[in-house]
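Being a predicted model, the structure only gives us computed values, none of them experimental.
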Amino acid sequence: MILQTAGGFTRRLRYLDNCLKGDPSLTPKKAVDGDEDTRWASGRDDDQWYIVDLEESCTITGFGILWEGAHGKEYKIQVSENGTDWTDVIHETNGSAGWKNYTLSGPAAGHYVRMLGIKRGNARYGYSMYEFQVFGYQPQNPKPVTSIRLSQNTLSLLKGWSCALTATTQPSSNAYSLKWTSSDPTIVKVDNNGLVTAIGSSGTAMITVESVLDPTVKDTCEVTITPYAGRPTKVSDVKIVNEPTGLLKKGQDWSLAANVLPAGASNRNVNWSSSDPTVAAIDANGAVHAVSAGRAVIRATSVSAPAFFAEITVEVGHTVRFESAETVQIEEQLVADGAYAVKPEDPSRAGYRFEGWYRDPEASEAFDFTQPIHADTVIYLKWTSLPQDVPAVPAENPSMDLGLILGIISGGSGMSFSDVTSSDWFFEDVAAAYQLGLMNGVSAYEFAPKAPLSRAMVAALLYRMAGSPAAYYGGRQFTDVADGKWYSSAIRWASQMGIVTGFQDGSFRPNENVTRAQLAAMLFRFAQYQSRDIRARGDLNAYQDGSSVQAWAKEAMQWAVAKGLISGKSGVRLDPSGSATRAEAAAVLVSFLRQS
């Protein structure tokens, strides 16, 4: 018996970075994969070793090593029960490239096997081996298992025919861990290795394989004996039908079927297998489960004539998802590993300008569609809100009284916005702001009440509420407010009147979303400009986050709370740093105009 386990390999990790980094083809697993075209390579000094964990103590009878040209000249093969104390069983002093096979004079017991390098055959390279084999026997005692899956759950046989069932267990176990039984041995019998033989001429029996230590862990296969007269019809071909037409998505299931020819073949059963279950697993009924990105070959092999089989390649792709606003939906893409995402057409969104595709939510790194995809990917869309045209309020009406506002509303809203309905809390405020000419929609049919308002838009609203007075070229000039912009005159005037302020770096940041605290401060200073009574003060401590209001905005927030211009979210939070929405701005401005 050859024991070739895929886990438990160790080596001197100080060579990991400079020898193996970026070259996964040289990992220790490659020395036990049964493929003579793959290899393991060590660091480039004599003191190197390679350890195989057999997962349990086994009886070892021999070894086989297929060396590359960079072979071991002198080395030992050692066994150990604990991975610490080692016993020499082979000492090679004249090694060479190619296969080196060793048979022990007497069996050795060990949980671990080590090739201990002493001298390399080529001083320019490390040790390099294509295959490392351990020959021997697993212990004859049962191991606990948590699950059992049979290679087939239904089987049809002719009298005298046999078929070997394979039991896959988690964790892996030996034959002594499993018990095989037949519900009717006069119809079908089964041996201790899962070989099923039809005894009767007809009938049905259930084959059960169970854990010796826990009979509740089991799986079954229903075997039907098909009577026949004369010679059986042999299988001549196998074809797979219902092949996927494209990439599968991780987690997706796909059902395959096998067409065994001729149609009258006496045994039309097949065994399903996958070349890489870590990419695409398949059960006994042909159900494929996509596990991870990559390619796997699915094979359907005739049970009665294993020389006949069919294969297809199943490919699982990476998911490329696009993250944007709720109103913009871009269909996700499935991309094969190493292929490229397809750049969609630039989307549009009312009231916003599309700025591009990015790798991160902060839009700090542009996404390059010419780079291959090697993992599930999220692409983020960046948007910049566009300034909305805010019609001027006539200079002779810098403030509107309550009667005028209510009269306009009672005459009908005059709006045709699909996103503002009479049941919305902001309906009357938006209607008043619209009818008074304070705010327009972002389009003929959308007001975008939940969209944020920029600092430049607030300056423009207050400027036009003041009658759009002339602004002179004096006072503070902001580094990011150039002449000729739609907001230039409004910000210059508002700065000269002390209504708006900038930041310490000399900028105004016109396109930045205005916060609730900034909105309150601008309106507070606008009230001062209009010589209104600004002595009212509210209690910020009545709100959970009242203490988070910064000193520069505290007086303005107290005034806005007292005047009912700013109210707490859910009645308990001021959210001073949160962005003010267009609906909130409409409510604040209309409430301000209602007050004398």
Return yes if a side-chain donor-acceptor contact under 3.5 Å exists between [X] and [Y], otherwise no.
{"X": "E222", "Y": "T204", "result": "no"}
{"X": "N94", "Y": "S96", "result": "no"}
{"X": "R295", "Y": "T313", "result": "no"}
{"X": "H318", "Y": "D337", "result": "yes"}
{"X": "Y102", "Y": "E92", "result": "yes"}

Of all the heavy-atom pairs spanning [X] and [Y], show the shortest one and how long it is.
{"X": "L248", "Y": "A290", "result": "CB-CB, 4.1 Å"}
{"X": "V303", "Y": "C163", "result": "CG1-SG, 3.0 Å"}
{"X": "V235", "Y": "A305", "result": "CB-CB, 4.2 Å"}
{"X": "S57", "Y": "A109", "result": "OG-CB, 4.5 Å"}
{"X": "S255", "Y": "N242", "result": "O-ND2, 2.5 Å"}
{"X": "W272", "Y": "I282", "result": "CE3-CD1, 3.4 Å"}

Is there a donor-acceptor pair closer than 3.5 Å between any side-chain N or O of [X] and the backbone N or O of [Y]?
{"X": "D219", "Y": "L150", "answer": "yes"}
{"X": "N153", "Y": "T220", "answer": "yes"}
{"X": "D276", "Y": "A296", "answer": "no"}
{"X": "T61", "Y": "P107", "answer": "no"}
{"X": "N259", "Y": "K239", "answer": "no"}
{"X": "D88", "Y": "K76", "answer": "no"}
{"X": "S274", "Y": "A280", "answer": "yes"}
{"X": "T581", "Y": "K450", "answer": "no"}
{"X": "D191", "Y": "N193", "answer": "yes"}
{"X": "T319", "Y": "D376", "answer": "no"}

Please walk me through it: do S156 and N269 pass side-chain contact (heavy atoms from CB on, under 4.5 Å)? CA-CA 7 Å; S156 178; N269 298 299; 3.8 Å; yes
Please determine which of I298, V288, I312 meets the side chain to side chain contact (heavy atoms under 4.5 Å, CB included) test together with P244.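 Exactly one option meets the side chain to side chain contact (heavy atoms under 4.5 Å, CB included) with P244, and it is I312.
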Quick one: does [X]'s side chain get under 4.5 Å of [Y]'s, heavy atoms only?
{"X": "I77", "Y": "V113", "result": "yes"}
{"X": "Y112", "Y": "W86", "result": "yes"}
{"X": "S324", "Y": "F354", "result": "no"}
{"X": "I207", "Y": "V209", "result": "no"}
{"X": "S211", "Y": "T216", "result": "no"}
{"X": "Y340", "Y": "P372", "result": "yes"}
{"X": "I65", "Y": "H71", "result": "no"}
{"X": "W49", "Y": "L116", "result": "yes"}

Nearest 0.5 Å, what's the [atom1]-[atom2] distance between [X] and [Y]?
{"X": "E131", "Y": "R39", "atom1": "CD", "atom2": "CZ", "value": "13.0 Å"}
{"X": "T377", "Y": "Q371", "atom1": "OG1", "atom2": "CD", "value": "11.5 Å"}
{"X": "L158", "Y": "T224", "atom1": "CG", "atom2": "OG1", "value": "11.5 Å"}
{"X": "M206", "Y": "D184", "atom1": "CE", "atom2": "CG", "value": "12.0 Å"}

Could you check L157 against V188 for side-chain contact (heavy atoms from CB on, under 4.5 Å), going step by step and ending with a plain yes or no? CA-CA 9 Å; L157 296 176; V188 177; 5.5 Å; no
Does D46 come within less than 4.0 Å of R120, counting only side-chain N to carboxylate O?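 Result for this pair is yes, salt bridge flagged.
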Which of parallel (below 30°), tilted (30 to 60°) and perpendicular (above 60°) describes F63 and F132?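 If you compare the ring of F63 with that of F132, the planes turn out tilted.
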Is it true that, when you exclude D368 itself, more than 12 heavy atoms of the residues, nucleotides or ligands shown sit nearer than 6.0 Å to its CG?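 Check passes, neighbour count above 12.
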H111 vs N82, side chain to side chain donor-acceptor pair (under 3.5 Å): CA-CA, chis, key distance, verdict: CA-CA 7 Å; H111 190 122; N82 55 20; over 6 Å; no
Knowing that exactly one of Y50, Y130, W67 qualifies, which makes a ring pair (Phe, Tyr, Trp, His ring centres under 6.0 Å) with W40?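 So, applying the ring pair (Phe, Tyr, Trp, His ring centres under 6.0 Å) to W40 and each of Y50, Y130, W67, only Y50 qualifies.
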Evaluate F308 against K234 for side-chain contact (heavy atoms from CB on, under 4.5 Å), listing each step before the verdict. CA-CA 11 Å; F308 294 100; K234 296 182 178 181; over 6 Å; no
